[in-house]
Amino acid sequence: MLSNKRIQELELVMEFEKVEECFKEVSSWIENDGRKRLKETINLDDSLEMLLLAQKQFKEFDLVASEYCKRGQEALKKMKQWEDFSFVDVHSYRVKLQTYEDELEEFCTQLDETRHRVCETVRLYEFFDKVRQGICCTEEGVKS
């Protein structure tokens, strides 16, 4: 039984190292590129044309960011199988995994919120642009 326990612990360590390597890559991208790009979308421009350009750029970033989120989530999912083990020795791994999971969840949530905000802002500006055009047409009709 002790031998089986040690084998399971070694398997956990080997699996954890693979997940950690993947997550370090994901985490590095989040810190170096992802958060920076999300911050760039905090202040959106005031014109519809500039908003549409920002939306296009965000969509391109969103594809890449979503792929990193997916990779991180898949890596963490692999480690979920180890949650049932009650080894005292795996506590440090669980703490690291929780830290990774929290970081990934925070970034993915921010990505979703930014995606929604950009989309809603563009829709709002499109609405205002239509209203403005309608007012201009009405004013021209009244002047005639």
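All heavy atoms count here, side chains included; hydrogens, waters and symmetry mates do not.
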Measure the spacing between [atom1] of [X] and [atom2] of [Y] and express it to the nearest 0.5 Å.
{"X": "Phe23", "Y": "Lys96", "atom1": "CZ", "atom2": "NZ", "result": "13.0 Å"}
{"X": "Ser27", "Y": "Glu20", "atom1": "OG", "atom2": "CD", "result": "10.5 Å"}
{"X": "Glu17", "Y": "Cys22", "atom1": "CD", "atom2": "SG", "result": "14.0 Å"}
{"X": "Arg37", "Y": "Glu60", "atom1": "CZ", "atom2": "CD", "result": "8.0 Å"}
{"X": "Glu106", "Y": "Leu104", "atom1": "CD", "atom2": "CG", "result": "10.0 Å"}

Indicate yes or no: at least one non-hydrogen side-chain atom of [X] is less than 4.5 angstrom from one of [Y].
{"X": "Phe61", "Y": "Asp33", "answer": "no"}
{"X": "Thr109", "Y": "Glu105", "answer": "yes"}
{"X": "Glu120", "Y": "Arg123", "answer": "yes"}
{"X": "Thr41", "Y": "Arg117", "answer": "yes"}

For atom CG of Asn43, decide whether the heavy atoms of other residues, nucleotides or ligands shown that lie under 6.0 angstrom number more than 12.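 No.
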Please tabulate, for side-chain N and O atoms in residues 68-76, each donor-acceptor pair with protein atoms closer than 3.5 Å (sequence neighbours left out).
from: Arg71; atom 1: NH1; to: Glu25; atom 2: OE2; distance (Å): 3.4
from: Arg71; atom 1: NH2; to: Glu25; atom 2: OE1; distance (Å): 3.2
from: Arg71; atom 1: NH2; to: Glu25; atom 2: OE2; distance (Å): 2.8

Do Met50 and Val122 belong to the same hydrophobic cluster, where Ile, Leu, Val, Met, Phe, Trp and Tyr are linked whenever their side-chain heavy atoms lie under 4.5 Å apart, directly or via other members?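 Not linked; separate clusters.
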In this structure, would Leu111 and Val64 fall into the same cluster of hydrophobic residues linked by side-chain contacts under 4.5 Å?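 Both belong to a single hydrophobic cluster.
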Less than 4.0 angstrom from a charged side-chain N to a carboxylate O is my criterion; do Lys18 and Glu21 meet it?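 Salt bridge absent between Lys18 and Glu21.
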Leu97 to Val19 - nearest heavy-atom pair and separation: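 Result for this residue pair: CD2-CG1, 4.3 Å.
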If every non-hydrogen atom of Phe58 is compared with every non-hydrogen atom of Arg115, which pair is closest and at what distance?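 Taking every non-hydrogen atom into account, CE2-CA, 3.4 Å.
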Which atom pairs, one a donor and one an acceptor, fall under 3.5 Å between side chains of residues 124-132 and the rest of the protein, sequence neighbours left out?
from: Asp129; atom 1: OD1; to: Arg132; atom 2: NH2; distance (Å): 2.6
from: Asp129; atom 1: OD2; to: Gln133; atom 2: NE2; distance (Å): 3.3

Could you tell me how the ring of Phe107 sits relative to the ring of Trp29: parallel (under 30°), tilted (30 to 60°) or perpendicular (over 60°)?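 It falls in the perpendicular class, over 60°.
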